[in-house]
Amino acid sequence: MKQEALGMVRILYILQKKRMSIQQLEQEESSGHSLPIQPIVQKLHQYGYVYLIYYQTDVYVSLTKKGSKLLNKAIKMYV
C-alpha cells in the first residue's frame, strides 16, 4: 500500500512537468523502479487527480488541479 502511494506521488511529480502518454510514463518509470503504471494511472483517474486524453492510438495523462494540490501536500509531508 505504501509503495503504491509513493508510486502515485512519483507519477504526479512526473506529470507536473508535462503531459505524457502511458507508454512514455512506463519508459520513464522503467529507468528506476518497476511499478505497474496502468493500474496506478487508472486509480489516479478514478479519484480525479489526472485526466485521460485519448488521441489516435495513444492515451495521454495530464495532471488536474486536484492532482496538483495532492502533489503539493505530499511534497510538504516528505520535506
L25 with V50, same ILVMFWY side-chain cluster at under 4.5 Å: yes

Within one Ile-Leu-Val-Met-Phe-Trp-Tyr cluster: L44 and I14, side-chain cutoff 4.5 Å: yes

Closest non-hydrogen atom pair between Y49 and L63, with its separation: O-CD1, 3.8 Å

Stepwise side-chain contact (heavy atoms from CB on, under 4.5 Å) test for R19 and Y51: CA-CA 10 Å; R19 176 179 64 203; Y51 294 116; over 6 Å; no

Gap separating the OG atom of S21 from the CD atom of Q56, nearest 0.5 angstrom: 12.5 Å

I22 with Y55, same ILVMFWY side-chain cluster at under 4.5 Å: no

Side chains of L52 and V41 in contact at under 4.5 Å (non-hydrogen atoms): yes

Same cluster (ILVMFWY, side-chain, under 4.5 Å), V61 and M20: yes

Spacing of CD belonging to Q23 relative to CD belonging to Q38, to within rounding of 0.5 Å: 10.0 Å

Trace of the side-chain contact (heavy atoms from CB on, under 4.5 Å) decision for Y13 with L71: CA-CA 7 Å; Y13 181 75; L71 176 62; 4.1 Å; yes

Shared hydrophobic cluster, I53 / I40 (ILVMFWY, side-chain heavy atoms < 4.5 Å): no

Nearest-0.5 Å distance that lies between atom CD1 in I11 and atom CD1 in I37: 4.0 Å

V9 to A74 - nearest heavy-atom pair and separation: CG2-CB, 3.8 Å

